[in-house]
**Q** 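Can you keep this structure in mind? I'll have questions shortly.
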Amino acid sequence: MQRVTARLVAGLVAAVLSLLAQQCWADGGGPSLAERVIWAVNAGGESHVDVHGIHFKKDPLEGKLGKASDYGVRLPILRSSPEDQILYQTERYNEDTFGYDVPIREEGDYILVMKYAEVYFAQSQQKVFDVRLNGHTVVKDLDIFDRVGHSTAHDEIVSLSIRRGKLSVLGEVSTFNGKLTVEFVKGYYDNPKVCALYVMKGTLEDVPKLQPHPGLEKPEEEEEEEEETEGGDEVGKKKLPPGSKYRVQSGPRTPNPYAADNSSLMFPILVAFGVFIPTLFCLCRL
């Protein structure tokens with residue numbers, strides 16, 4: 001009986017401590033963002049500490065696998081702070097599938113953040129690839145230019161959970177052996193790549209957001225007006241906002257066949273009547 005009571009007390013104490021820890025975390029008393037990051041790499045580049053205090057290590061694949069590129073350093077990167085543009089200006093790519101191994105020793109909720117910017121191609125369907133996490137496809141057909149355009153920062157964020165030797169990600173579960181393997185999968189269009197990536201403890205709400213993109217952010221009023229236009233009966237009477245998905249047709253208007261002038265069709269009939277009546281009069285006189 002005493003053993004059962006001791007276990008119950010120990011369980012209650014552990015639960016209370018866990019709640020207190022979560023409350024301290026929420027109140028700002030928990031680990032900082034940088035302290036929650038367990039692994040970070042600046043792919044294709046040197047070590048760097050970003051504005052949040054995250055320490056990105058030098059690429060461990062340097063001289064081992066793939067190719068490093070700093071082609072983007074000549075370009076300003078939109079949506080990124082000036083201090084951290086280097087994280088999007090350098091990259092590692094490979095002519096085949098490649099990846100990184102991330103050791104994880106503790107159970108819990110984690111976030112994988114992958115940083116990208118298209119600094120070479122100037123149109124979509126030029127570089128398209130997948131991302132796998134321990135065999136699970138977590139990003140499908142990633143076309144960076146199609147997502148955000150040229151020389152613009154883009155983050156792919158994947159949440160995952162590790163419990164009792166199992167990895168759970170995007171509704172799929174697999175056995176976890178203490179190591180996350182992030183793979184950038186060769187596709188039909190050019191080579192896979194990544195600019196930087198990190199793994200942190202936490203949830204999606206804990207991830208720092210990129211600066212808004214003026215060309216991608218759509219005002220709520222515009223979205224509401226589009227919905228009303230789609231559902232209304234008088235589409236032609238509504239004014240469509242700039243950038244609306246309803247395209248204005250160019251070129252001359254197509255004539256309405258039902259509004260055409262029918263006078264040309266009446267002329268042969270009048271001629272026929274003009275010939276028929278005199279003929280009939282002459283026949284009657286005979």
Side-chain angles (χ1 to χ4, degrees), residues 25-63 66-94 98-100 102 104 109-122 127 129 131 138-139 142-159 180 182 184 192-218:
W25 192 318
D27 294 340
S32 65
L33 176 64
E35 292 173 336
R36 281 179 273 172
V37 173
I38 64 171
W39 186 92
V41 162
N42 181 21
E46 300 295 327
S47 61
H48 175 77
V49 179
D50 74 357
V51 295
H52 306 287
I54 300 175
H55 182 264
F56 291 82
K57 296 181 179 180
K58 179 180 178 180
D59 194 341
L61 296 183
E62 181 63 33
K67 298 178 181 179
S69 172
D70 61 355
Y71 183 84
V73 296
R74 69 193 71 184
L75 301 171
I77 305 298
L78 299 177
R79 303 184 71 195
S80 174
S81 61
E83 298 86 353
D84 293 336
Q85 291 195 10
I86 191 63
L87 294 174
Y88 298 93
Q89 292 170 327
T90 63
E91 63 184 52
R92 177 162 299 278
Y93 68 93
N94 192 34
F98 75 102
Y100 297 84
V102 184
I104 295 184
D109 297 322
Y110 292 87
I111 299 293
L112 167 64
V113 180
M114 297 167 285
K115 296 181 175 294
Y116 298 96
E118 182 54 68
V119 296
Y120 185 76
F121 293 110
K127 181 187 290 292
F129 57 94
V131 180
V138 293
V139 180
L142 176 59
D143 187 335
I144 305 166
F145 184 90
D146 186 63
R147 296 284 184 91
V148 295
H150 191 265
S151 59
T152 303
H154 173 66
D155 288 357
E156 286 288 338
I157 304 172
V158 180
S159 61
L180 282 179
V182 186
F184 306 94
K193 77 168 192 177
V194 65
C195 295
L197 66 163
Y198 67 88
V199 177
M200 62 173 287
K201 285 186 175 181
T203 62
L204 295 174
E205 291 75 17
D206 302 322
V207 180
K209 302 297 188 296
L210 290 172
Q211 297 175 10
H213 191 306
L216 296 178
E217 301 296 326
K218 183 179 293 186

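Heavy-atom basis, side chains included; hydrogens, waters and symmetry copies ignored. We count residues from 1, following the sequence as given. Everything numeric here is computed off the predicted structure, so don't read it as measured data.
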**Q** Give, for atom CG of Leu61 and atom CZ of Phe98, the distance between the pair rounded to the nearest 0.5 Å.
**A** 7.5 Å
**Q** Report the C-alpha separation of Val37 and Trp39 in whole Å, then their side-chain angles, then the decisive distance to 0.1 Å, and conclude whether the side chain to side chain contact (heavy atoms under 4.5 Å, CB included) test is met.
**A** CA-CA 6 Å; Val37 173; Trp39 186 92; 5.8 Å; no
**Q** Starting at CD1 of Ile157, measure out to CE of Met200 and round the result to the nearest 0.5 Å.
**A** 10.0 Å
**Q** Which is it for Arg36 and Asp206 under the side chain to side chain contact (heavy atoms under 4.5 Å, CB included) test, yes or no, and what are the steps along the way?
**A** CA-CA 10 Å; Arg36 281 179 273 172; Asp206 302 322; 3.3 Å; yes
**Q** Do Asn42 and Thr90 have side-chain N/O donor and acceptor atoms under 3.5 Å apart?
**A** yes
**Q** Could you tell me which non-hydrogen atom of Ala43 sits nearest to which non-hydrogen atom of Val194, and how far apart they are?
**A** CB-O, 3.3 Å
**Q** How long is the gap from OG on Ser69 to OH on Tyr93, to the nearest 0.5 Å?
**A** 6.0 Å
**Q** Between CG of Asp50 and OH of Tyr198, what distance do you get to the nearest 0.5 Å?
**A** 7.5 Å
**Q** Restricting to non-hydrogen atoms, name the atom on Val51 and the atom on Ser81 that form the minimum distance, rounded to 0.1 Å.
**A** CG1-OG, 4.0 Å
**Q** Roughly how far, to the nearest 0.5 Å, is SG of Cys195 from NE2 of His154?
**A** 11.0 Å
**Q** Nearest heavy-atom pair of Glu35 and Pro31: which atoms, and what distance?
**A** OE1-CA, 3.1 Å
**Q** What I'd like to find out is whether the side chain of Ile38 reaches to under 4.5 Å of the side chain of Tyr110, using heavy atoms alone.
**A** yes
**Q** Please name the pair of heavy atoms, one in Gln85 and one in Ile77, separated by the smallest distance, quoted to 0.1 Å.
**A** OE1-N, 3.1 Å
**Q** Go through Val139 and Phe129 one step at a time and tell me if the side chain to side chain contact (heavy atoms under 4.5 Å, CB included) criterion holds.
**A** CA-CA 8 Å; Val139 180; Phe129 57 94; over 6 Å; no
**Q** Checking Ile144 against Lys193 for the side chain to side chain contact (heavy atoms under 4.5 Å, CB included) test, could you report, in this order, the C-alpha distance in whole Å, the side-chain angles of both residues, the deciding distance, and whether it holds?
**A** CA-CA 10 Å; Ile144 305 166; Lys193 77 168 192 177; 3.7 Å; yes
**Q** Find out whether the Lys NZ or Arg CZ of Arg147 is both under 6.0 angstrom from the six-membered ring centre of Phe145 and within 45° of the ring's axis.
**A** no
**Q** Could you state the interatomic distance from CD (Gln89) to OG (Ser80), rounded to the nearest 0.5 Å?
**A** 8.0 Å
**Q** Return the minimal non-hydrogen interatomic distance between Glu156 and Leu142, and the atom names on each side.
**A** OE2-CD1, 3.5 Å
**Q** Do Tyr71 and Val73 have side chains that get closer than 4.5 Å, going by heavy atoms?
**A** no
**Q** Say whether, by atom type as modelled, one donor and one acceptor occur between the side chain of Asp59 and the main chain of Gly44 under 3.5 angstrom.
**A** yes
**Q** Between the side chain of Thr152 and the main-chain N/O of His150, is any donor-acceptor distance below 3.5 Å?
**A** yes
**Q** Looking at side-chain heavy atoms only, is the closest gap between Pro60 and Val41 below 4.5 Å?
**A** yes
**Q** Inspect the contact between Lys127 and Asp143 and indicate whether a charged nitrogen and a carboxylate oxygen are less than 4.0 angstrom apart.
**A** no
**Q** Of all the heavy-atom pairs spanning Gly99 and Phe184, show the shortest one and how long it is.
**A** CA-CD1, 4.3 Å
**Q** Is any side-chain heavy atom of Arg74 less than 4.5 Å from a side-chain heavy atom of Val119?
**A** no
**Q** Does some side-chain heavy atom of Ile54 sit less than 4.5 Å from a side-chain heavy atom of Val49?
**A** no
**Q** Verify salt bridge (Lys or Arg N to Asp or Glu O under 4.0 Å) between Arg92 and Glu62, making sure each step is shown before the conclusion.
**A** CA-CA 9 Å; Arg92 177 162 299 278; Glu62 181 63 33; 2.8 Å; yes
**Q** Return yes if a side-chain donor-acceptor contact under 3.5 Å exists between His48 and Asp84, otherwise no.
**A** yes
**Q** For a quick test of your reading: what N or O donor-acceptor pairs under 3.5 Å do the side chains of residues 111-118 make, sequence neighbours left out?
**A**
{"from": "Lys115", "atom 1": "NZ", "to": "Tyr88", "atom 2": "OH", "distance (Å)": "3.0"}
{"from": "Lys115", "atom 1": "NZ", "to": "Asp155", "atom 2": "OD2", "distance (Å)": "3.3"}
{"from": "Glu118", "atom 1": "OE2", "to": "Tyr120", "atom 2": "N", "distance (Å)": "3.0"}
{"from": "Glu118", "atom 1": "OE2", "to": "Phe121", "atom 2": "N", "distance (Å)": "3.0"}

